[in-house]
Amino acid sequence: MATSYLSKPETNFVCFAKVCVDVVKIPLIDILFDQIKPDDLYHKIKSCAALSAENGKLVPDQKKICYLSPPHLPDYKSFDVTLLYTLIRNLCPSLEPTQGWGIKPKATHTKIGDDIERLRLFRNSFAHGESTEINDDEFDDIWKEIKSVIQRMQASTNPLKKYELELINIEGCRFGYEDREKYKTFLGVTLQMWKHIEDEPQICIKSAQEVLCGETTHFDADLKQFDSQTWSMYWQKTREKTTEQIDTVKDKYKNSSNLRLTVNFVSKEDEGEYQVDLARKHNGGDYKLCSNRIYLTPIGEKPYFTRWKITTGKKKITINYSYKISERSPKVLKIEWTKNGENIEIKTGKYDGGGLNGGFFILKSPTMDDIGNYSCTVTNAVGSASEHADFDLPIANISTNSGPIFGSNTIITSRISSCPSLEGVEWQKSIDGNTFNCIDISQPRYKGSRIEPESPLLVIPKTTFEDKLYYRLLVWNIFGRCISDPLHLIVTGSPPNVLTSHRIYFEHQSVKLIGTVFVSEKSPAVHTVFWTKNGEKIVTSERGGRYSEVSVDHPSLTINSVNSHDIGAYQLNAINAVGSTASDTIVLDEPRICVERKENPDSSHCFIAQIQSVPAAYHSQWMVKGKDDDTFKPVDINDEEFKGSSNALPRPILVVKHNQLLKENCFVIEVQNFVGRKTHCFAGRGHLKTRRCKRMSTEALIDKKLGDVNSLCESWGFNVWDIINSIRLNAQELSEMALGTIDVLFESSKSQQSWKDKMSLLRQCTF
């Protein structure tokens, strides 16, 4: 840096020149990179005749650094401001300024393209011939505008980059004479490059953007540096991504010229984007410049009908009509009436009315010859609106929403098409579908039916098999009558379906007997549900709140504070118009226990308890009693001798490490649910009453004892196996019965108890 410093006006000049040469290109580089990646720039330039042509907009030195064929890649940082501007202007149409390239933006125009154009125009601020000074007032204005542009570009292109810091750094610099001469030279080169760009014609068009349909509008072109001998000029329009050149010879554009496009009688079809293109031949190719674009929006709406009502009078049909136009819309120009597509002559005497302001159209003395399609069309500059009426014999169709279901209401609905409106209707029925008779809908069996022409309805409350008939509807209007196709009713129905399950709520000590009741397709709804216990109907209101209320919508039964009094067999019953159904039985009873014995590889013994319980068991405990103990006590499952044991439901496990423990102790498991408690003995037989049998094998002793019991049972007229099967003992459970338990059974079987008592005793002994 030079040691001799410049004056303040000279420093202002160098600051500004340095911004134009060094800083302005930084955001332009980011903008170009965002629009076109370096590996795609070659193909973009090649497809643009204005850039790729030999004497096009790019000078040879510029092409050397930007027009590189693959695999070579251009370095955007080596591009100067003029090259960056040229590439963006010709290859990035989405960035076009509000008023087009080459035109000074208005203060309100703040698109990226507008700010790019402002960067180009900054050079005019120092276009003072050979002067290298800028006074403070002028510099402050220029610097303020530069800051605004840089800040907007930073926000819209790359917020992470701090373009403004570059300006702050320049403001803090001190420059010498060498700096002034260097940037004066750079500035001269830059000005020359800008001049190369600006030698092209500049074109701008102006026009109203909103025009009322039916009016005439003009697009005026303003040309600068335009040579008509070199350049050709034409107007074009773009709509929905389709661009077409405008033929100004057409009547639509009558009175148009190169500098003015006239659009006559504007309509919705004229909506679109308009611009002027300049073209010339250059090195065997086409070179084109485009003006700014203006989007034309034709405003106004077509008329619309607010009333269209058809009435029938004595020997005439009247159409009452009215229409409106919305605000800022052209007025209605004409009204037309047609029959079957042909214009109607109102003055023939057959018709009356039908004018723009009349509000009515009359068809006199209608006959079958007058059947047809009548249409009214009103038109303005935007378009037309139409209403029509199809005068004809009526058409009637009848149906039901679903097949008739026994015991339910059957509704036969109608769908009628009639213009003009109906004059009368009649419901009819038949046994064989051939001979039909009128239905008197005033009878109670058809309560709810109606014969109003607007919506005839036939209702059959509580349909039975007697209503399996043929039905039809007779309708008529001023032109004649029509009979619907017959409808045959087929009544269906079946009893309800009933499914049950249960759920336990331990925190409330309650059991929910879950009932699901549903009917098959085309069956009557359920009207009654109730639960039974051991065959007797449960009256929930008499249970002091222990039972929940049961209804068709909520068929489940909740039993609160469950205890032994709730033991029994429960069933859900459901009834509809066809019949009743009872569910499977849910039996609430004390737990049933079966213990499976396994020997582990380490010679320890494992006992696994299988528990069946409704309601579900909530407590289980392994118990042990020694030779000299009077009572059982809980097994310490954390003791090393019982390591691996668990009281956890649903499958408690007892692990006995040494066989000696089995010989010296008696083991049982105790299981409890809401209705009772069960204890099952499964090991330690030496402490029971079966010591006399210990020399015999367990299997042989079981067979012998069961044989003794069976002999006594046969004397009562039944077999012990019937008892076992009746309480659902399987072979596995039977083989696990303790010998002492069989002794108890043997002793009890000698008593003269009732069958029920013996069953109960057998239950207690075996489980």
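FYI, side chains are in, hydrogens and waters are out, and symmetry mates aren't considered; it's all heavy atoms of this structure. Everything numeric in this text was worked out from a predicted model, so none of it was measured.
- Both the sub-6.0 Å distance and the 45° axial angle are satisfied by R472 relative to the ring of F436.
- Sorted by first then second residue, the ring pair (Phe, Tyr, Trp, His ring centres under 6.0 Å) pairs that include residues 459-502, not counting sequence neighbours, are F406-F465, Y470-H488.
- Within 6.0 Å of CZ on R450 lie more than 12 heavy atoms contributed by other residues, nucleotides or ligands.
- Residues meeting the side chain to side chain donor-acceptor pair (under 3.5 Å) test with T516, sequence neighbours left out: none.
- A salt bridge is absent between D114 and K106: the closest approach of a Lys/Arg side-chain nitrogen to an acidic carboxylate oxygen does not fall below 4.0 angstrom.
- A salt bridge is absent between K206 and D220: the closest approach of a Lys/Arg side-chain nitrogen to an acidic carboxylate oxygen does not fall below 4.0 angstrom.
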Pair R293-E96, salt bridge (charged side-chain N to carboxylate O under 4.0 Å, His left out): steps then yes or no: CA-CA 10 Å; R293 299 179 177 89; E96 183 176 1; 2.2 Å; yes

Donor-acceptor pairs under 3.5 angstrom involving side-chain atoms of residues 439-448: please list them, not counting sequence neighbours.
residue : atom : partner : partner atom : Å
D440    : OD1  : S442    : N            : 3.1
D440    : OD1  : S442    : OG           : 2.5
D440    : OD2  : S442    : OG           : 3.1
R445    : NH2  : D467    : OD1          : 2.5
Y446    : OH   : K429    : NZ           : 2.9

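- Distance check, rounded to the nearest 0.5 Å: CD1 of I335 to SG of C376 gives 3.5 Å.
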Derivation of the side chain to side chain contact (heavy atoms under 4.5 Å, CB included) call for F674 and V614: CA-CA 9 Å; F674 293 151; V614 180; over 6 Å; no

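- Exactly one residue among K252, R239, K237 makes a salt bridge (Lys or Arg N to Asp or Glu O under 4.0 Å) with E269. That residue is R239.
- Evaluated for a ring-ring contact (aromatic ring centres under 6.0 Å, His included) with F219, the options Y295, Y274, Y253 yield exactly one hit, Y274.
- Using a cutoff of 4.0 Å between basic side-chain nitrogens and carboxylate oxygens, R546 and D566 are scored as salt-bridged.
- With a 6.0 Å radius and a threshold of 12 heavy atoms from other residues, nucleotides or ligands, N320 has its CG atom above the threshold.
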Verdict with supporting geometry, E210 and R328, salt bridge (charged side-chain N to carboxylate O under 4.0 Å, His left out): CA-CA 11 Å; E210 291 187 349; R328 298 182 67 191; 3.6 Å; yes

